[in-house]
Amino acid sequence: GDPAASPTLKALLARAYLGSDDAARAMDLMKPYAASDSSGESAYLVGLAYVLLKNDAQAVAAFRTAAQLNPQHAAAHFHLGTLLLMSSDPAVQEAGAGEIQKAIDLAPKEGSYYVALGRWMLENNRVKPALDILEQGNKSSEPSAQLDLLLGIAQAAARGPADAQPEIET
């Protein structure tokens with residue numbers, strides 16, 4: 001067949017367009033496949049394009065489609081979750097936290113997932129669950145200054161400032 005018609009090649013091209021902030025070209029390439037690509041990658045890339053275009057409602061729909069087509073697509077769950085966390089509705093935020101937890105379960109080495117969930121938990125005064133998720137992230141993912149800082153903040157909130165000192169200083 002025509003190599004230009006290959007979905008993998010189209011996905012690579014779409015990623016290149018997204019990397020150069022050309023969301024419209026990425027969208028043109030991937031939107032026809034978004035609902036039928038069982039890997040969820042086309043819908044995921046459409047979601048990223050909508051994020052670039054600052055159309056959060058359409059991005060949520062695209063990431064939700066990607067996660068439904070491929071429940072193992074950690075990044076789709078993560079991006080869906082981060083958008084849902086921005087809602088003013090606590091129930092929608094809870095759903096967002098659940099999506100990020102799914103992303104963590106699927107990709108436990110991805111430190112940014114722990115950072116996003118831990119930050120939201122701390123912002124919502126859920127110190128103990130934040131401490132648990134940040135400690136899990138500290139053990140499972142690559143070292144990260146952001147993760148260390150949030151872990152130090154969570155430790156200070158949970159146990160007092162003296163306990164947090166080693167994390168914050170490293």
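When the side chains of ILVMFWY residues are joined at heavy-atom separations under 4.5 Å, either directly or via intervening members, Leu106 and Leu117 end up in two distinct hydrophobic clusters. Each of Tyr17 and Leu12 belongs to its own hydrophobic cluster when Ile, Leu, Val, Met, Phe, Trp and Tyr are linked at side-chain heavy-atom distances under 4.5 angstrom. In the hydrophobic cluster analysis, where Ile, Leu, Val, Met, Phe, Trp and Tyr join through side-chain heavy atoms closer than 4.5 angstrom, Leu18 is grouped together with Leu83. Using a 4.5 Å cut-off between side-chain heavy atoms of Ile, Leu, Val, Met, Phe, Trp and Tyr, with links allowed through other members, Leu45 and Leu52 fall into the same hydrophobic cluster.
Between atom CE of residue Met27 and atom CG of residue Leu29 there is a gap of 11.0 Å, rounded to the nearest 0.5 Å. With values rounded to the nearest 0.5 angstrom, Glu110 atom CD is found 12.0 Å from Ser140 atom OG. Taken to the nearest 0.5 Å, the CG atom of Leu134 stands 11.0 Å off from the NZ atom of Lys139. Atoms CG and CG, from Asp22 and Leu13 in turn, are 11.5 Å apart once rounded to the nearest 0.5 Å. To the nearest 0.5 Å, atoms CG (Leu48) and CE (Met30) are separated by 11.0 Å. Distance CZ/Arg119 to CG/Leu149: 9.5 Å, rounded to 0.5 Å.
The side chain to side chain contact (heavy atoms under 4.5 Å, CB included) test with His77 singles out one residue from Arg64, Glu99, Gln101, Gln72, and that residue is Glu99.
The stretch residues 37-66 participates, sequence neighbours left out, in these ring-ring contact (aromatic ring centres under 6.0 Å, His included) pairs: Tyr44-Phe63, Tyr44-His73, Tyr44-His79, Phe63-His79. For the salt bridge (charged side-chain N to carboxylate O under 4.0 Å, His left out) condition, the pairs that include at least one residue of residues 30-49, sequence neighbours left out, are Arg15-Glu41. For residues 108-146, the set of pairs meeting the ring-ring contact (aromatic ring centres under 6.0 Å, His included) definition, not counting sequence neighbours, comprises Phe78-Tyr113.
Nearest heavy-atom pair across Ala34 and Val46 is CB-CG2, 4.1 Å. The nearest pair of heavy atoms linking Val127 to Ala154 is CG1-O, 3.7 Å. Between Ala116 and Thr82, the shortest heavy-atom distance links the atoms CB-CG2, 4.4 Å. In this structure, Thr65 and Ala43 approach most closely via the heavy-atom pair CG2-CB, 3.9 Å. In plain terms, the two heavy atoms of Ser141 and Leu147 that are nearest each other are OG-CD2, 3.5 Å. In plain terms, the two heavy atoms of Leu85 and Gly96 that are nearest each other are CD2-C, 4.0 Å.
Counting heavy atoms of neighbouring residues, nucleotides and ligands inside a 6.0 Å radius, atom CD of Glu123 exceeds 12 of them. Applying the 6.0 Å contact sphere to CG of Asp89 captures more than 12 heavy atoms from other residues, nucleotides or ligands.
Residues Leu80 and Ile100 form no side-chain contact, since every pair of their non-hydrogen atoms from C-beta on lies 4.5 Å or further apart. With contacts defined as side-chain heavy-atom distances shorter than 4.5 Å, the pair Leu53/Gln58 does not qualify.
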